[in-house]
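Hydrogens, waters and symmetry mates play no part in the numbers below; they use all other heavy atoms, side chains included. Positions are given from 1 along the sequence.
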Amino acid sequence: MGEKVHVLISEEEVEKRIREMGAEISEHYQGEKLHLVSVLKGGVFFTCELAKRITVPVSLDFMSVASYGDGTKSSGVVKVIKDLDEAIEGKHVLVVEDIVDSGRTLSYLLENLRRRNPKSLKLCTLLDKPERRVTEVHVDYTGFEIPDEFVVGCGLDYQQRHRNLPYVGVVELE
């Protein structure tokens with residue numbers, strides 16, 4: 001079985017919005033240092049592009065979390081696969097994610113990070129699918145709100161394919 005990918009958000013639109021988000025985040029944290037926490041794997045693509053457009057000093061760390069279920073549906077049970085390399089206590093922390101979907105995993109992750117006493121904790125996502133939300137998650141910076149479609153590109157994948165597309169596309173299975 002193959003798949004076709006149709007452009008939902010063009011490369012130019014993605015680049016423009018990331019520049020705007022970088023400016024907005026830079027303005028909010030003016031005079032401060034910002035610690036970015038990229039959620040692996042998909043979030044790394046967006047994190048790198050965003051970090052290049054933030055003008056305040058940034059540091060960077062990574063986390064990997066997995067939500068387990070029957071393969072097609074999340075059970076809501078979340079496990080930390082890779083934890084942060086350094087402490088975030090007293091830091092302004094911005095969690096950077098490729099997409100917010102059901103909210104289960106991010107809700108868990110944000111609560112986990114709050115217990116580590118950061119000075120502030122905010123969430124930034126390239127894509128938001130509010131229609132799919134089952135757990136409330138406050139997103140501070142959103143690139144694009146999208147419909148409930150299966151998307152790839154800009155870090156998002158289908159069976160580890162299409163992460164490197166410079167645009168956001170909708171997958172159509174053939």
Side-chain angles (χ1 to χ4, degrees), residues 9 14 17-18 21-22 24-25 28-29 32-51 54 58-163 168 170-171:
I9 305 168
V14 169
R17 184 64 187 123
I18 294 173
M21 294 173 79
E24 185 181 347
I25 292 165
H28 179 87
Y29 291 99
E32 303 285 347
K33 293 179 183 175
L34 181 60
H35 189 69
L36 304 179
V37 172
S38 180
V39 182
L40 298 172
K41 297 180 183 172
V44 73
F45 290 78
F46 174 45
T47 303
C48 291
E49 292 303 313
L50 182 64
I54 295 174
V58 296
S59 53
L60 180 63
D61 207 341
F62 301 91
M63 276 190 95
S64 181
V65 291
S67 183
Y68 293 93
D70 64 9
T72 59
K73 210 169 152 184
S74 169
S75 67
V77 177
V78 180
K79 180 179 179 186
V80 174
I81 306 298
K82 187 233 176 280
D83 208 341
L84 299 174
D85 291 332
E86 57 187 78
I88 60 169
E89 186 171 351
K91 295 180 180 181
H92 290 290
V93 175
L94 181 64
V95 175
V96 184
E97 178 65 291
D98 54 1
I99 190 166
V100 178
D101 198 308
S102 73
R104 284 186 185 118
T105 302
L106 276 171
S107 176
Y108 171 87
L109 178 61
L110 292 170
E111 186 52 41
N112 178 298
L113 294 174
R114 265 188 212 95
R115 290 193 301 268
R116 302 178 193 203
N117 301 314
K119 187 171 187 176
S120 68
L121 180 64
K122 293 191 178 290
L123 174 61
C124 177
T125 187
L126 180 61
L127 304 173
D128 190 3
K129 276 191 198 180
E131 288 175 52
R132 303 254 314 152
R133 201 78 85 246
V134 295
T135 302
E136 186 57 37
V137 174
H138 175 74
V139 181
D140 299 281
Y141 304 98
T142 300
F144 300 93
E145 195 171 290
I146 62 169
D148 186 12
E149 306 241 32
F150 192 84
V151 292
V152 294
C154 298
L156 293 121
D157 72 295
Y158 173 67
Q159 297 180 345
Q160 293 295 337
R161 294 190 303 275
H162 309 300
R163 281 191 199 277
V168 176
V170 175
V171 174

Lys91/Asp61 ion pair, N-O < 4.0 Å = no
Shortest non-hydrogen contact from Ser59 to His35?
-> OG-ND1, 2.5 Å
Start with the C-alpha gap between Ile9 and Ile146, add the side-chain angles, then the distance that decides, and say whether side chain to side chain contact (heavy atoms under 4.5 Å, CB included) holds.
-> CA-CA 9 Å; Ile9 305 168; Ile146 62 169; 3.9 Å; yes
State, with a plain yes or no, whether a side-chain heavy atom of Glu86 is found less than 4.5 Å away from one of Leu84.
-> no
Does Tyr141 have any side-chain contact (heavy atoms from CB on, under 4.5 Å) partners at least two apart in sequence or in another chain, and if so, which?
-> Met21, Glu24, Ile25, His28, Tyr29, Leu94, Lys122, Cys124
Residue pair Ser38, Thr47: steps toward the side chain to side chain donor-acceptor pair (under 3.5 Å) verdict = CA-CA 6 Å; Ser38 180; Thr47 303; 2.8 Å; yes
Do the non-hydrogen side-chain atoms of Leu109 and Val37 ever get within less than 4.5 Å of each other?
-> no
Would you say Lys33 has more than 12 foreign heavy atoms packed within less than 6.0 Å of its NZ?
-> no
Are any side-chain N or O atoms of Arg17 and backbone N or O atoms of Leu126, one a donor and one an acceptor, separated by less than 3.5 Å?
-> no
Side chains of Leu123 and His138: closer than 4.5 Å at any heavy-atom pair?
-> no
Before accepting this row, confirm whether a basic side-chain N of the pair Lys41/Asp98 lies closer than 4.0 Å to the acidic partner's carboxylate O.
-> no
Give, for atom OH of Tyr108 and atom CG of Leu106, the distance between the pair rounded to the nearest 0.5 Å.
-> 12.5 Å
Is there side-chain contact between Leu156 and Leu127, with heavy atoms separated by less than 4.5 Å?
-> yes
Interatomic distance, Leu121 atom CG to Arg115 atom CZ [nearest 0.5 angstrom] | 11.5 Å
Determine the minimum heavy-atom distance between Phe46 and Thr125, stating which atoms define it.
-> CE2-C, 3.7 Å
Residues Asp157 and Gln160: closest non-hydrogen pair is OD2-N, 2.7 Å
Which value, rounded to the nearest 0.5 Å, describes the distance between Thr105 atom OG1 and Leu110 atom CG?
-> 10.5 Å
Report yes if some heavy atom in the side chain of Pro130 is under 4.5 Å from a heavy atom in the side chain of Glu145; otherwise report no.
-> yes
When rounded to the nearest 0.5 angstrom, what is the spacing between CD1 in Ile54 and CG in Leu36?
-> 5.0 Å
Between atom CD of Glu32 and atom OG of Ser120, what is the distance when rounded to the nearest 0.5 Å?
-> 8.0 Å
Gap separating the NZ atom of Lys129 from the CZ atom of Phe150, nearest 0.5 angstrom | 7.5 Å
Is it true that a side-chain atom of Arg132 and a backbone atom of Asp101 form a donor plus acceptor pair closer than 3.5 Å?
-> no
Flag side-chain contact, heavy atom, 4.5 Å: Lys119 against His92 | yes
Over all heavy atoms of both residues, which pair between Leu113 and Pro118 is shortest? Give the atoms and the distance, please.
-> O-CD, 3.4 Å
